[in-house]
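A note on names: the letters A, B, ... follow the listed sequences, proteins ahead of strands, and every chain is numbered from 1. Just the heavy atoms: all of them, side chains too, but no hydrogens, waters or symmetry mates, feed the values below.
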Amino acid sequence: MPELPEVETIARGLSRRVAGETIDSVWLGEKPEPLKSSSEEILEVLSNKRILGVRRVGKHIVFDLAQGRGRTPVAQWIVHLGMSGRMMACTAEEAPVKHTHAIVKLGSGRELRFVDPRRFGRLSVSRHFEAAGVEPLDVSLEIFISLFRGRKTPIKSALLNQKLLRGVGNIYADESLFRAGIRPRRRAASLSRKELQKLYRAVQKVLKEAIALGGSSVSDYVDADGEEGFFQLRHRVYGREGEPCLKCRTPVKRLVIAGRSSHYCPNCQR
DNA sequence: ACTATTTCCTGGATGC
DNA sequence: TGCATCCAGGAAATAG
């Protein structure tokens with residue numbers, strides 16, 4: 001399940017492979033499940049464009065597009081991988097795998113393919129893409145603290161809210177809360193300044209470590225080159241229900257908050 | 001203005 | 001072995 005570190009890894013890999021390429025043609029499956037854009041809009045915006053580069057915004061992969069040989073971006077192609085989405089760069093000879101919903105043929109003969117078995121992913125186009133929320137790795141401590149002011153929702157839910165912080169998903173929310181020593185059910189507004197500062201540092205540390213390790217490969221995540229990440233080996237609570245806490249040996253607990261599994265150590269987190 | 005709940009989707013795991 | 005059921009989760013939609 002791609003969150004910020006996985007999407008960052010994928011976007012970097014894609015940029016390395018397809019930056020500068022022209023888009024020759026686009027094929028969209030029957031139900032590409034576009035977010036805000038119709039199939040017609042996607043085809044219209046992508047045609048005759050060149051990919052300037054690929055970057056990550058929150059959990060979105062953003063392809064910056066220029067007209068013809070131009071150097072200024074005039075539109076963006078935005079891909080959200082959802083739960084099971086994959087964006088792969090491959091040669092035209094490779095047989096398309098099941099659940100391929102979009103194929104973009106590039107000038108070099110290579111192709112970008114969007115594959116998504118569970119269909120939670122979304123494709124869209126925009127001419128002025130702006131995401132809600134702030135980037136957790138760019139935000140200042142003061143702004144970070146202000147995000148949670150007056151919020152009665154559990155801190156876990158607040159971390160998952162993409163309109164506040166963008167890019168943090170279930171794994172990194174749990175791992176950050178563990179490292180900050182904060183229970184997931186605590187009301188966001190009840191956290192002290194000191195606790196929020198710990199959380200701020202924990203979020204940034206966890207995300208940076210995960211990016212350095214190529215993300216977490218749970219279920220079937222692989223990056224743009226088909227490589228697995230290694231941060232799952234550093235998970236301290238996520239997916240470890242019943243197993244001993246790596247700090248104090250207390251069994252890790254799991255509860256459901258906002259419909260999401262939340263893992264924490266009842267002893268280390270207060 | 002917030003917050004909580006439901007919905008979408010399918011592969012894999014579990015249970016009988 | 002095979003079939004039914006449950007579960008995972010991001011974010012939009014809906015309800016409160």
Side-chain angles (χ1 to χ4, degrees), chain A residues 1-11 29-38 56-62 78-87 96-102 114-124 126 129-136 146-177 184-191 203 207 210 215-222 228-229 231-232 235 237-242 252-264:
Chain A
M1 42 216 80
E3 304 179 27
L4 187 152
E6 292 77 32
V7 179
E8 178 71 32
T9 304
I10 292 166
E30 299 201 357
K31 267 178 70 188
E33 305 273 2
L35 183 63
K36 302 159 198 143
S37 318
S38 65
R56 176 197 62 77
V57 176
K59 296 176 195 170
H60 302 272
I61 301 170
V62 178
I78 299 134
V79 178
H80 194 297
L81 298 173
M83 293 294 303
S84 56
R86 292 175 58 182
M87 180 60 73
V97 299
K98 205 176 168 184
H99 306 299
T100 299
H101 305 305
F114 175 64
V115 179
D116 185 15
R118 291 191 202 172
R119 292 180 168 275
F120 274 30
R122 292 292 182 270
L123 306 181
S124 62
S126 171
F129 176 67
E130 278 184 64
V134 295
E135 281 293 330
S146 73
L147 296 177
F148 306 105
R149 206 159 282 155
R151 294 196 178 267
K152 293 179 189 150
T153 196
I155 185 62
K156 168 70 183 277
S157 301
L159 287 174
L160 294 179
N161 184 345
Q162 301 298 298
K163 293 189 171 78
L164 301 178
L165 277 186
R166 57 188 190 222
V168 176
N170 208 32
I171 295 175
Y172 298 101
D174 281 3
E175 293 299 315
S176 299
L177 287 168
R185 266 212 278 237
R186 288 276 303 282
R187 303 282 138 182
S190 79
L191 298 186
V203 167
L207 293 176
S216 301
S217 283
V218 294
S219 57
D220 49 8
Y221 163 76
V222 288
E228 294 193 344
F231 192 73
Q232 68 278 9
H235 291 178
V237 285
Y238 183 84
R240 297 193 63 247
E241 181 185 12
V252 169
K253 275 199 171 184
R254 185 181 82 93
L255 47 82
V256 175
I257 300 171
R260 301 283 164 270
S261 297
S262 301
H263 312 75
Y264 72 104

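Going from atom CD1 of Ile257(A) over to atom P of dG10(C) covers 13 Å, rounded to whole Å. One interatomic measurement links the two molecules: CD of Glu241(A) to P of dC7(C), which rounds to 13 Å at whole-angstrom precision. If you take CG of Leu81(A) and C1' of dT10(B), they are 17 Å apart, rounded to a whole angstrom. When the C1' atom of dA12(C) is taken as reference, atom CE of Met83(A) falls 15 Å away, rounded to whole Å. Summarising the geometry, the separation between NZ on Lys156(A) and C1' on dG9(C) is reported as 10 Å, rounded to the nearest angstrom. Between Asn170(A) atom CG and dA11(C) atom C1' the separation is 13 Å, expressed in whole Å. Rounded to whole Å, atom P of dG10(C) lies 15 Å from atom NZ of Lys163(A). Between Arg86(A) atom CZ and dC9(B) atom P there is a gap of 22 Å when expressed in whole angstrom units.
With sequence neighbours left out, the salt bridge (charged side-chain N to carboxylate O under 4.0 Å, His left out) criterion links Arg166(A) to Glu135(A). Every residue two or more places apart in sequence or in another chain that forms a side-chain contact (heavy atoms from CB on, under 4.5 Å) with Glu175(A) is listed here: Ile171(A), Arg179(A), Val206(A), His235(A), Arg236(A), Val237(A), Tyr238(A). With sequence neighbours excluded, the residues that form a side-chain contact (heavy atoms from CB on, under 4.5 Å) with Ser126(A) are Gln76(A), Ile78(A), His128(A), Phe129(A). In this view, Arg254(A) and Glu241(A) satisfy the salt bridge (charged side-chain N to carboxylate O under 4.0 Å, His left out) rule, not counting sequence neighbours. With sequence neighbours excluded, no residue forms a salt bridge (charged side-chain N to carboxylate O under 4.0 Å, His left out) with Asp116(A). Residues satisfying the side-chain contact (heavy atoms from CB on, under 4.5 Å) test with Ala210(A), not counting sequence neighbours, are Pro5(A), Tyr172(A), Phe231(A). Considering only residues two or more places apart in sequence or on other chains, Ala189(A) meets the side-chain contact (heavy atoms from CB on, under 4.5 Å) condition with none of them. In this structure Phe148(A) satisfies the ring pair (Phe, Tyr, Trp, His ring centres under 6.0 Å) test together with Phe144(A), sequence neighbours excluded. Under the rule for a side-chain hydrogen bond (donor to acceptor under 3.5 Å, both in side chains), Arg260(A) has no partner lying at least two apart in sequence or in another chain.
Here the side chain of His80(A) is nearest to one of dA12(C), dT10(B), dA11(C), namely dA11(C). In this structure, the nucleotide among dA12(C), dG9(C), dG11(B) sitting nearest to the side chain of His99(A) is dG11(B). When each of dC9(B), dG11(B), dA8(C) is scored by its nearest atom to the side-chain atoms of Pro117(A), the top-ranked nucleotide is dG11(B).
By the 5.5 Å and 30° criteria, Phe120(A) is not stacked with the base of dA11(C).
An end-to-end axis angle of 50° holds for the helix from dC2(B)-dG16(C) to dC16(B)-dG2(C), taken from five base pairs per end and rounded to 10°.
Looking at Arg118(A), its side chain comes within 3.5 Å of the base of dA8(C) through a donor and an acceptor atom.
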For nucleotides 3-7 of chain B, print each protein N/O atom paired with a nucleotide N/O atom at under 3.5 Å, atom names and distance only.
| from | atom 1 | to | atom 2 | distance (Å) |
| --- | --- | --- | --- | --- |
| dT3(B) | OP1 | Lys152(A) | N | 2.7 |
| dT3(B) | OP2 | Arg151(A) | NH1 | 2.9 |
| dA4(B) | OP2 | Thr153(A) | OG1 | 3.0 |

Write out a two-atom table: protein N or O, nucleotide N or O from nucleotides 14-16 of chain C, distance below 3.5 Å.
none

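In this structure, the side chains of Leu81(A) and Phe120(A) stay at 4.5 Å or more apart for every pair of heavy atoms. Inter-residue side-chain proximity for Leu191(A) and Arg186(A) is flagged as met; some heavy-atom pair is nearer than 4.5 Å.
Using a 4.0 Å heavy-atom distance criterion, Arg149(A) is classed as making no nucleic acid contact.
Contact annotation: Ser84(A) does not reach the phosphate of dT10(B) (side-chain N/O to OP1 or OP2, under 4.0 Å). Taking side-chain N and O atoms only, Tyr238(A) has a distance below 4.0 Å to OP1 or OP2 of dG9(C).
Distance alone, capped at 3.5 Å, is enough to place a donor-acceptor pair between the Arg187(A) side chain and the Lys152(A) backbone.
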